Amino acid sequence: MNETYESVHARSIREPDAFWAEAAEAIDWIKKWDKVLDDGDAPFYRWFTGGRLNTCHNALDRHVDAGRGDQDALIYDSPVTGKVERYSYRRLRDLVAKFAGVLAGAGVVKGDRVVIYMPMVPEAAIAMLACARLGAVHSVVFGGFASNELAVRIDDAAPKVVVSASCGIEPGRIVEYKPLIDKAIDLAHHKPDHTIILQRPERPAPMLAGRDLDWVEQMARATPADCVPVDALDPLYILYTSGTTGQPKGVVRDNGGHAVALHWSMKNIYNAEAGDVYWAASDVGWVVGHSYIVYAPLLAGCTTVMYEGKPVGTPDAGAFWRVIADHGVRVLFTAPTAFRAIKKEDPKGELLAKYDLSSLQTLFLAGERTDPDTLHWARDKLGVPVIDHWWQTETGWSICANCMGIEELPVKDGSPTKAAPGWDLKVLDEGGHEVEPGQIGALALKLPLPPGSFPTLWNARQRHFDAYLRDYPGYYNTSDAGIIDEDGYAFIMSRTDDIINVAGHRLSTGAMEEVLADHPEVAECAVTGVADPLKGQLPLGFLVLNAGSSVDPGQVVDEVVAMVRERIGPVAAFKEALIVKRLPKTRSGKILRGTIRRIADGEEWKMPATIDDPAILDEIGEALSTAGFPRK
Ligand code: COA
Ligand code: AMP
C-alpha cells in the first residue's frame with residue numbers, strides 16, 4: 001500500500017534514525033555507519049558517523065557496473081555554441097577518472113580544496129566529480145561573480161588548484177574568464193599552485209608558463225585515478241553564499257548524508273527514476289546546480305541535461321520547449337524568473353505548438369516565491385503540475401515541497417506546500433514560541449536538520465552558531481519569515497535579513513553597501529531590493545554625498561554602478577541609485593531599509609516608532625516618486 005505524505009512525514013520526525021538508515025540502503029557503502037544520527041556535539045548534528053563511501057563511485061561507477069554504462073548520463077545542450085553532445089555513464093566515468101588523474105598529477109590529494117570557476121560546460125561537472133573521486137573538496141564559484149569575489153573565496157578555501165575555462169558565452173558577448181582569474185589570483189593572499197584551463201575555441205586565452213596547465217594536454221597524458229574512500233562526514237564541497245556582509249558564508253556539504261538525502265529526493269520529491277531525463281535549468285555555480293544538475297540525477301541513475309543558454313534569446317522564448325522535446329525531458333526544474341522571461345516574450349505561449357512536450361511530467365520551481373500569475377500561466381500552457389518548492393543553499397534540498405513521488409497534494413497559490421519529510425518546520429514569535437496557524441513569524445526548523453543539510457560553515461563554527469542557531473535554541477533559523485496555515489501549508493513571505501533575491505540569485509545588500517561606501521564622494525549609503533516584474537527584485541542604491549561635494553551626482557551614480565559590477569560582478573544587476581540628502585534611521589542609528597523598500601514598492605507602511613526624524617521619510621518618498629517608483 002502506498003503511504004500518505006502525512007504518514008511518511010510523521011515517521012521521518014518520530015524515527016529519524018530508522019527513516020534515514022532505510023534510505024541509506026540505496027547507497028553503496030565501503031563500510032556501514034556506526035551511528036545514523038550523531039548528537040554527540042549538539043547543536044551541531046552529524047549523520048552516518050563511521051560510514052565510508054565515495055560519492056563519485058555512487059554517481060558513476062556503480063551505474064556502469066550495474067549495466068547502465070551505455071545510458072546517457074549527461075546531455076550537453078548549448079545553443080550559444082550550437083553544440084549538443086551526449087555522454088554515456090561509461091564515457092563520463094572514464095573522463096572523470098582521467099581528470100581525477102590530472103588533479104592528482106597537479107598534487108591534489110584527499111582533503112585538498114579545488115576552486116572551479118566555469119561556464120555551463122560538461123567539464124565543470126567532470127571537475128566536480130573528479131574532486132569527489134579523490135576525496136578533494138571542490139568550491140564552485142558562479143561565473144557571473146567578479147575577480148574580487150573570486151579572490152575572497154580563494155583566500156577562504158585556500159585551493160591547491162583552480163580549474164577554469166578561457167571564456168563563458170553570454171548572449172551577445174564573450175566573457176573572458178582568464179583575465180578575471182589572473183586578477184583574482186593577484187588580489188588573493190593565497191596562491192594556488194596551478195590553474196587548469198579549458199581552452200574554448202570561441203576565445204582561447206594566453207597561458208602563464210609553469211602555473212597554467214592546458215586541460216586537453218593534461219588529459220592526453222593522465223593516468224585514470226580510482227575512487228578514494230572517504231568518511232561520511234568528510235567534506236564533499238564548499239559553496240559560498242551571500243551573508244549579511246561582504247564576507248560570504250562557506251556552506252560545507254558532507255559525503256554520506258548528502259548522497260543519501262539527494263538520492264532519496266529524486267524518487268520521493270521529483271518522482272524521477274533511473275533512466276529518466278531530468279533537467280535543472282540553473283547553473284553549476286548555485287546550489288540547485290550542485291544538487292540537481294550534478295549529484296542527485298547521477299546518484300539516481302537519471303540522465304541530466306546541462307544547458308548553456310537562457311530561457312529567452314537563445315534563440316527565442318521556445319528554447320526550453322525545444323530542449324524538452326529534443327531530449328525527452330520528464331522533469332524540469334528552474335526559477336520562476338525564467339518563466340516570467342518566457343511569458344513576457346511569448347505571452348500566449350504560441351511557440352509551444354512547435355514542439356512535442358509529451359515527455360514532460362512535472363515542472364518544479366524554486367529560488368524565489370512562485371507568484372500566482374506565473375504558476376497559472378505555466379500550468380495552463382504546459383498542462384502538467386507546477387510545483388513551487390522552497391529551499392536554501394544551507395539546506396541542500398527542499399524544506400517544503402509537494403512530494404510527487406509520495407502523494408500529490410492539492411496546490412495552494414503562493415505556497416511551496418508542506419514541510420518535506422525530515423524537516424520539522426515551525427513558525428516562531430520573537431520570544432521563540434510557536435505561533436497560531438495563520439500568524440506570521442520566523443520560519444525555523446527544529447533540530448536536528450535531516451541528512452544533506454550543511455553540517456557546518458568552512459572554518460567558521462562560531463559564525464555557524466551565531467548566524468543560524470543562537471536566536472532560537474534548539475532550532476535552525478532560516479532567516480525567512482512566513483506562515484503555516486491551518487492545513488499545514490507554508491507561505492514564505494520575506495527574508496528577515498539584508499539578503500535580496502534577484503532573478504533567483506541570492507545577493508547581499510550589505511556587500512553592495514560596502515562597495516558604495518568606498519566611493520570617495522559618498523558619505524552614507526543604503527541598498528534595498530525593490531520589486532521588479534521580471535527578476536522579482538532589483539537592488540536600488542541610496543547615496544548621501546559628502547557635504548559641499550561639487551562632483552556631478554549623475555557621475556557618482558555611474559561610478560558606483562561600475563564599481564559594483566567590477567567588484568561583485570554583473571550578476572548583482574546593480575544599475576540604479578538615487579541621491580538623497582539624508583537616510584532614515586532609528587534612534588540607535590539603524591537604517592530603515594525595510595520601510596524604504598515598502599515605500600518604493602507602494603506597499604502600506606507604518607511610521608516606525610523608533611525613527612529619529614520622520615521628515616526624512618518624506619524626502620525619500622519624494623526621491624522615489626520622482627524616479628518613477630513604485631514601478632510594479
Ligand atoms: N558569467 C558571466 N556573466 C553572467 C553569467 C555568467 N555565468 N550569468 C549571468 N551573467 C551576467 C548577465 O550577462 C547579465 O549581464 P548584463 O548586466 O551585462 O546584462 C548579468 O549577469 C545579470 O544576469 P541575469 O540576472 O541572469 O539576467 P539576464 O538579464 O541575463 O537574464 C533571465 C534574465 C531571467 C533570463 C535570467 O536571469 C535567467 O535565466 N534566470 C534563471 C535563474 C536561475 O537559473 N536561477 C538559479 C536558481 S534556480
Ligand atoms: P539560495 O540559498 O540562493 O537558494 O536562496 C535561498 C533563499 O531564496 C531562501 O531563503 C528564500 O528567501 C528564497 N527562496 C528560495 N526558494 C523559494 C521559494 N520556493 N519560495 C520563496 N522563497 C524562496
Side-chain angles (χ1 to χ4, degrees), residues 80 117-120 124 141-146 165 167-177 180 239-243 249 251 280-293 307-314 317 319-320 333-345 364-371 387-401 414-417 443 454 477-482 490-497 499-507 529 532 534-538 561 564-565 568-575:
V80 293
Y117 183 67
M118 293 191 99
M120 282 289 289
V141 179
F142 178 60
F145 282 120
C167 67
I169 300 154
E170 284 294 289
R173 77 189 158 103
I174 289 188
V175 182
E176 293 190 18
Y177 277 26
L180 298 172
L239 177 57
Y240 289 91
T241 188
S242 300
K249 293 169 171 165
V251 170
S282 177
D283 188 288
V284 282
W286 307 114
V287 67
V288 174
H290 281 65
S291 293
Y292 291 106
I293 295 174
Y307 176 70
E308 189 182 26
K310 302 266 174 179
V312 293
T314 58
F320 274 22
F333 175 175
T334 191
T337 189
F339 265 74
R340 287 198 297 270
I342 295 170
K343 180 171 150 231
K344 192 172 161 212
E345 298 252 314
F364 283 85
L365 297 172
E368 53 175 325
R369 172 178 172 270
T370 301
D371 53 285
I387 308 300
D388 181 8
H389 60 331
W390 166 55
W391 50 303
Q392 309 182 316
T393 304
E394 290 85 345
T395 66
W397 58 285
S398 55
I399 309 167
C400 280
S415 166
T417 318
L443 290 164
F454 73 136
N477 181 1
T478 66
S479 293
D480 278 311
F491 291 79
I492 319 305
M493 315 299 276
S494 60
R495 291 282 303 196
T496 54
D497 55 13
I499 299 289
I500 57 169
N501 204 306
V502 178
H505 309 319
R506 169 169 161 180
L507 297 166
D532 179 75
L534 177 64
K535 297 198 177 187
Q537 280 188 306
L538 276 178
V561 166
V564 174
R565 193 174 174 95
I568 298 181
V571 67
F574 182 86
K575 305 240 158 113

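Each ligand, and each atom within it, is numbered from 1 in the order the structure gives. Quantities reported herein were computed from a predicted structural model and do not represent experimental measurements. Note that the numbering runs from 1 along the sequence shown for the chain.
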Nearest-contact summary for [atom] - protein heavy atom, Å:
{"atom": "atom 3 (O) of ligand 2", "result": "Arg506 CB, 3.2 Å"}
{"atom": "atom 12 (O) of ligand 2", "result": "Asp480 OD1, 2.7 Å"}
{"atom": "atom 14 (C) of ligand 1", "result": "Arg173 NH2, 4.0 Å"}
{"atom": "atom 1 (P) of ligand 2", "result": "Thr393 OG1, 3.4 Å"}
{"atom": "atom 23 (O) of ligand 1", "result": "Lys535 NZ, 4.2 Å"}
{"atom": "atom 22 (N) of ligand 2", "result": "Arg369 N, 3.6 Å"}
{"atom": "atom 13 (C) of ligand 2", "result": "Asn501 ND2, 3.5 Å"}
{"atom": "atom 18 (C) of ligand 2", "result": "Glu368 O, 3.3 Å"}

If we only consider heavy atoms of [X], is any one of them less than 4.0 Å away from an atom in ligand 1?
{"X": "Tyr177", "result": "yes"}
{"X": "Ala281", "result": "yes"}
{"X": "Pro570", "result": "yes"}

Within-cutoff protein neighbour (heavy atom, under 4.0 Å) for atom 36 (C) of ligand 1:
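Within 4.0 Å of atom 36 (C) of ligand 1, no protein heavy atoms are found.
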Under 4.0 Å from atom 32 (C) of ligand 1, do we find at least one protein heavy atom?
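It does not; no protein heavy atom is within 4.0 Å.
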Does an N or O anywhere in [X] fall below 3.5 Å from an N or O of ligand 1?
{"X": "Thr334", "answer": "no"}
{"X": "Ala366", "answer": "no"}
{"X": "Trp286", "answer": "no"}

Counting only heavy atoms, tell me which of Ser291, Gly367, Gly482 gets closest to atom 14 (N) of ligand 2.
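Nearest heavy atom to atom 14 (N) of ligand 2 lies in Gly367.
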Among Trp391, Phe364, Phe491, which one has a heavy atom closest to atom 6 (C) of ligand 2?
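Shortest heavy-atom distance from atom 6 (C) of ligand 2: Trp391.
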Donor-acceptor pair, Asp532 side chain versus Lys535 backbone, under 3.5 Å?
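Side chain of Asp532 to backbone of Lys535, a donor-acceptor pair under 3.5 Å: yes, one is there.
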Gap separating the OG atom of Ser479 from the CD atom of Glu394, nearest 0.5 angstrom
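So the OG of Ser479 and the CD of Glu394 are separated by 8.0 Å.
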Could you give the distance from CD (Glu368) to CG (Asp388), rounded to the nearest 0.5 Å?
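So the gap between those two atoms works out to 9.0 Å.
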Proximal atoms of ligand 1 relative to [X] (non-hydrogen, under 4.0 Å):
{"X": "Lys310", "value": "9 (C), 26 (O), 30 (O)"}
{"X": "Ser282", "value": "44 (O), 46 (C), 47 (C), 48 (S)"}
{"X": "Thr337", "value": "34 (C), 40 (N), 41 (C), 42 (C)"}
{"X": "Val288", "value": "48 (S)"}

Classify the contact between [X] and ligand 1 as side chain, backbone, both or neither, using a heavy-atom distance cut-off of under 4.0 Å.
{"X": "Met120", "result": "neither"}
{"X": "Ala573", "result": "neither"}
{"X": "Tyr117", "result": "neither"}
{"X": "Phe333", "result": "neither"}
{"X": "Lys575", "result": "side chain"}

Presence of salt bridge, Glu170 and Lys310, under 4.0 angstrom
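So Lys310 pairs with Glu170 through a salt bridge.
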Glu345 and Arg340 ion-paired at < 4.0 Å:
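Not counted as a salt bridge, because no side-chain N and carboxylate O are separated by less than 4.0 Å.
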Relative to the ring of [Y], is the ring of [X] parallel (under 30°), tilted (30 to 60°) or perpendicular (over 60°)?
{"X": "Phe320", "Y": "Phe339", "answer": "perpendicular"}
{"X": "Phe142", "Y": "His505", "answer": "tilted"}
{"X": "His389", "Y": "Trp391", "answer": "tilted"}

Given the side-chain rings of Trp390 and Phe491, with only the six-membered ring counted for Trp, is the space between their centroids under 6.0 Å?
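Distance test on ring centres: not under 6.0 Å, no.
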Would Pro416 count as a contact residue for ligand 2, given that I'm defining contact as a non-hydrogen atom of the residue lying under 4.0 Å from a ligand atom?
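No; Pro416 lies far enough from ligand 2 that no heavy-atom distance drops under 4.0 Å.
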